[in-house]
Amino acid sequence: MDKGVLKQTLLMEIEKAKENMIQVAREEGIASEGTLQVSESIDQLLNELHKVSLIK
């Protein structure tokens, strides 16, 4: 996959996950297990984005 396309895809996934995390936090509370799980998935996506950004 093209690096630019991969970055755009990751950025879109991160934005969707952030919106999901806000919704879950509103419903379950900011420190709920569900919110923490979504937060961890965002961390993983951010790590992937960082790796892709390092590739030349």
Side chain to side chain contact (heavy atoms under 4.5 Å, CB included), that's the test. Do Leu49 and Leu45 meet it? Break it down for me.
CA-CA 6 Å; Leu49 180 61; Leu45 289 168; over 6 Å; no
Look at the side-chain heavy atoms of Ile, Leu, Val, Met, Phe, Trp and Tyr, link any pair under 4.5 Å apart, and say whether Leu10 and Ile42 land in one connected group.
yes
Does Lys51 pair with Glu48 as a salt bridge, N-O distance under 4.0 Å?
yes
Between OG on residue Ser41 and NZ on residue Lys16, distance to nearest 0.5 Å:
11.5 Å
What pairs with Glu15 under side chain to side chain contact (heavy atoms under 4.5 Å, CB included), at least two apart in sequence or on another chain?
Lys18
Answer yes if Ile22 and Leu46 sit in the same cluster of Ile, Leu, Val, Met, Phe, Trp and Tyr residues linked by side chain heavy atoms under 4.5 Å apart, and no otherwise.
no
Rounded at 0.5 Å granularity, tell me how far CE in Met21 sits from CD1 in Ile14.
11.5 Å
For Ser53 and Lys7, the nearest pair of non-hydrogen atoms, with its separation, is OG-CE, 3.7 Å
Name all residues meeting the side chain to side chain contact (heavy atoms under 4.5 Å, CB included) criterion together with Ser32; count only those two or more places apart in sequence or in a different chain, and write none if there are none.
Val24, Glu28, Thr35
For Ile30, does the CD1 atom have more than 12 heavy-atom neighbours from other residues, nucleotides or ligands under 6.0 Å away?
no
